[in-house]
Amino acid sequence: GAVVSQHPSRVICKSGTSVKIECRSLDFQATTMFWYRQFPKQSLMLMATSNEGSKATYEQGVEKDKFLINHASLTLSTLTVTSAHPEDSSFYICSARVGTETQYFGPGTRLLVL
Amino acid sequence: AQSVTQLDSQVPVFEEAPVELRCNYSSSVSVYLFWYVQYPNQGLQLLLKYLSGSTLVKGINGFEAEFNKSQTSFHLRKPSVHISDTAEYFCAVTYTGTASKLTFGTGTRLQVTL
């Protein structure tokens with residue numbers, strides 16, 4: 001149980017284009033999902049908290065207009081990187097909360113912006 | 001500020017030897033504690049968690065951890081490691097009043113060799 005999937009697993013795009021990453025809870029409903037970014041050999045940095053049916057809550061320093069988050073259903077949250085640039089290249093990981101404390105993570109999406 | 005410290009960035013160990021990965025967190029009245037493992041280019045997998053009750057928690061793959069409130073520690077241990085345990089290990093803490101946000105340590109790279 002508590003399986004989280006992400007799609008795509010890897011994406012390469014040209015600078016200036018937008019990329020959408022999907023995060024799905026496969027066997028449970030998640031009212032709250034989280035989006036993280038991970039730089040090479042570093043820990044995870046929380047970008048935003050995604051709540052079903054309401055606006056996402058962004059962490060300080062994260063541009064909400066650049067990283068659009070939509071949590072339209074209890075099993076799906078999407079992160080759209082708008083007008084991507086090379087500095088947005090990173091490993092993006094989502095998680096879904098089960099109960100009030102435990103987060104289960106997706107396999108991650110490797111984004112490379114050329 | 002809330003923080004999680006993993007003092008060892010790398011821990012080399014021989015196969016079948018015991019291992020302990022250290023984790024300390026900044027003091028708080030109430031916390032939930034987690035250990036996650038990350039294999040290369042993958043998301044995080046929950047190893048174990050402490051929410052309440054017995055301070056010794058057992059997780060998957062033969063790992064266990066002990067919550068020590070007085071020392072604000074949650075060290076991860078395994079009595080006999082295997083080559084397949086080679087991975088990055090993250091300690092994470094949820095502090096009360098933070099809407100279940102996880103604060104991650106910087107990670108410990110466990111390198112198991114023959």
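Order of the sequence lines sets the chain letters (A, B, ...), proteins ahead of strands, with each chain counted from 1. Computed over heavy atoms, backbone and side chain alike; hydrogens, waters and symmetry mates excluded.
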Quiz item: Would Glu59(A) and Lys101(B) pass as an ion pair if we require N to O under 4.0 Å?
Solution: yes
Quiz item: Hey, do the aromatic rings of Tyr36(A) and Phe105(A) have their centres closer than 6.0 Å?
Solution: yes
Quiz item: Cationic tip of Lys49(B) within the cone over Phe34(B)'s six-membered ring, i.e. under 6.0 Å and within 45° of the normal?
Solution: no
Quiz item: Where does Phe104(B) contact chain A at under 4.5 Å (heavy atoms): side chain, backbone, both or neither?
Solution: both
Quiz item: Under a 4.5 Å heavy-atom cutoff, which of Gly108(A), Cys94(A), Pro107(A) has the most pairs with chain B?
Solution: Pro107(A)
Practice problem: Could you check which of Asn41(B), Thr103(B), Leu102(B) has the highest count of heavy-atom pairs closer than 4.5 Å to chain A? | Solution: Leu102(B)
Quiz item: Which answer fits Thr102(A), side chain, backbone, both or neither, if we ask what part of it has an atom under 4.5 Å from a heavy atom of chain B?
Solution: both
Quiz prompt | Gln42(A) versus chain B, the contacting section by heavy-atom distance below 4.5 Å | solution = backbone
Quiz item: For Cys13(A), which of Leu111(A), Asp88(A), Leu112(A) qualifies under side-chain contact (heavy atoms from CB on, under 4.5 Å)?
Solution: Leu111(A)
Self-check item: Check: Tyr92(A) and Ser90(A) side chains under 4.5 Å, non-hydrogen atoms
Solution: yes
Quiz item: Between Arg109(B) and Asp8(B), does at least one N-O distance fall below 4.0 Å, as a salt bridge requires?
Solution: no
Quiz item: Which bit of Tyr39(B) is near chain A, if near means a heavy-atom gap under 4.5 Å: side chain, backbone, both or neither?
Solution: neither
Quiz item: So which part of Leu51(B) gets closer than 4.5 Å to some heavy atom of chain A, the side chain, the backbone, both or neither?
Solution: side chain
Self-check item: Proximity breakdown for Gln38(A) and chain B, heavy-atom pairs closer than 4.5 Å
Solution: side chain
Quiz prompt | Under 4.5 Å from any heavy atom of chain A - which part of Leu44(B) | solution = both
Quiz item: Which residue, Thr113(B), Asn61(B), Val112(B), forms the side-chain contact (heavy atoms from CB on, under 4.5 Å) with Val81(B)?
Solution: Val112(B)
Quiz prompt | Per-residue contact mode, Gln6(B) against chain A (heavy atom under 4.5 angstrom) | solution = neither
